Amino acid sequence: MPSPFSTLEEFNAAIDGPTEGAIYTFAHTPAINAIALLVSVGLFIWFIVATYSTPHELPSVDKSLNRLSSFIVMGLLSLVAADQLQHTHQTRRSAQPATPQTALAQSKRAAPLALLGMAGIGLPLRRTKSQRRKRSYRHFGLPRR
Amino acid sequence: MSPESQEFLATFVSESYYYWASVFMILIHVGFLAYEGGASRAKNVLATMVKNLLTLSVVGLTFFFFGWWVYNAFPMFPLTGGIVGPWTDPASEGIVGEILGLVQASYPWSPAMGPNVADNLTGVFWFAFALFSMTTASILSGAVIERIKVGAYAILAVVLGSFTWVVAAAWGWHPYGWFLTNFGYHDFGCSAVLHGVSGFFALGVLINLGPRIGKFDADGKPKTIMPHNLPLTMVGLMLIFVGFYAFLAACVIFVPGQTGEITIYGTPMTLASIGVNTTLALCSGIVGSYISSKADPFFTISGGLAGIISVGAGLDLYSPAMVILIAFIGAYTMPFVGSAVEKAGIDDAVGAFAVHGYCGLLGAMTVGIMASGYPQGDGIPLTGFVGQLVGTFVCTIILGFIPGYGVSFVLKKLGMLRVSPEEEIAGLDIADFGLEGYPEYPILPEKNGHTPEPVVAVSKASPQM
């Protein structure tokens, strides 16, 4: 029985009884409360461990080669397409006098090239960073990775 | 100090104790206001908060009109006696005679309820009980936000706050209540008597009220309707915690002439142990629901309340280590109950059933196992499983679920329960008050379900009931 008392008289006179005033559950069998305390500590440790297992992962940046390859292929395709368009228009323009509208159109056609140029800038930068890192490892005598 | 001064000092200590405990209990309502206001969407924030304010009014007044009398008049009805009232023989003796004195002091026209230098305590006990009653009704208010009519909520709040829970208190939280005298029921912190009644009452209402528009998709799968201000919700729950300390302190009985603190059942106890056990239950409950809900902020902070309610019935008896375990189990399992209710197609906006209904039931039943065998008076059965089962069943089903379902069913049939779909989509702030809670921040109107065009038409076509 969780109760340390069997009669109301014992309960009311707990201060003079074997539990010396303790009226809580299992006061007459302290081992049970000790076990409960140990389990409580175990639950607390479980909680601490649980705080490290973040359930909601942040969206990570995709650094896979597939994405990079697709980007390069798309850039090359746009380059080819721009070159084709430019070639077609140059053929037509040779038969007509130059006007301000055609000059504007020429500048717009250069946009895909600019895009490819931006992509081209990005690739050497990435390589340069890694090379720089390798150099710094060498400088400190660390093994290559 | 003269004997008269000593006697008055004891009276004043008792009067002051319950007075200030009741004042701090008002923080529960500040907390509910912030909690539910934050849990609603921005288009319903004013309506939600005004509903909380109205809870104080409708329950406070009706508890004065008849609720306080119900508490004093119903303890013996129907098993050990009748309802005590003006029809009772004034010359009655024994228990009926003792109860009759309390009943006569509880009529709204009683001299004891007004300024009266011959009675310092009746009024302050009324004050404490009125706050208990308002708390009970506020538990319902969170569950039904964003679609219930104000009038329907007021009727349900009166039935729950000033009648059914009061009958439960008369039977299960009274020195002459038949739960105690016939079955040895023990529920110090009102786990089933208050939380069980209100949680199951809310469940009955929710079945008839139906879910909010957009809560479930075409296949019946639940969709998350995010609180518009989760930080406000969390602050609200922190305030509820503060108020709960006062609530549980007010459950301690100390009146002039006593030589120690006792429970309502006449058993010895200490206020200090309430401080220790409530704090441990709060801490353990938060930890339990944090783990089981995988750090969901809403469930995590609700876990503190779940922990306290899970140990409330035996808070005066449990050892601290037992409190940690029981609160952990209650709060750990609470989110699963909340999810199960949602999967059943019931839209409980704040998890009132899981936190109050389920944990209230669990808390009362746990006494029958983990605090069984305690004596509570001559001729009264020891605390045990059967006694707790009877009391918990009556509280949750007879006084909770059935009245909640029945009254809301009648209101539904009369078309008085739920606002129209147009009002619900426009938002209750516009439909009820013609105002928006955040007029300077018309952010994310589509997510809030708010389109300016139908608002004018709705507010003209279907004004407040």
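Please read all numbers here as calculations on a predicted model, not as lab measurements. Letters go in sequence order (proteins before strands), and every chain restarts at 1.
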In residues 13-21 of chain A, what donor-acceptor pairs under 3.5 Å come from side-chain atoms, sequence neighbours left out?
| residue | atom | partner | partner atom | Å |
| --- | --- | --- | --- | --- |
| T19(A) | OG1 | A22(A) | O | 2.8 |

Which portion of E10(A) sits near chain B, non-hydrogen atoms under 4.5 angstrom: neither

CG-CZ distance between L317(B) and F11(A), expressed to the nearest 0.5 angstrom: 5.5 Å

Which heavy atom of I32(A) sits nearest a heavy atom of M322(B), and at what distance? CG2-CE, 3.7 Å

I need the contact set between residues 369-378 of chain B and chain A: heavy-atom distance under 4.5 Å, sorted by residue number. I369(B), M370(B), A371(B), S372(B), G373(B), Y374(B), P375(B), Q376(B), G377(B), D378(B)

Residue from I380(B), V287(B), T383(B) scoring the most non-hydrogen pairs under 4.5 Å with chain A is V287(B)

If you count heavy atoms of other groups shown closer than 6.0 angstrom to CZ of F241(B), is the number above 12? yes

Measure the OG1-CD1 distance between T267(B) and I23(A) for me, rounded to the nearest 0.5 Å. 7.0 Å

Residues from residues 298-313 of chain B approaching chain A under 4.5 Å (heavy atoms): none

Can you check whether anything in residues 33-45 of chain A gets within less than 4.5 Å of chain B, heavy-atom wise, and list it by number? N33(A), A36(A), L37(A), V39(A), S40(A), L43(A)

Please find the pair of heavy atoms, one from P268(B) and one from N12(A), that lie closest to each other, and give the distance. CD-OD1, 3.4 Å

Which is it for F328(B) and W46(A) under the side-chain contact (heavy atoms from CB on, under 4.5 Å) test, yes or no, and what are the steps along the way? CA-CA 12 Å; F328(B) 184 91; W46(A) 181 18; 3.7 Å; yes

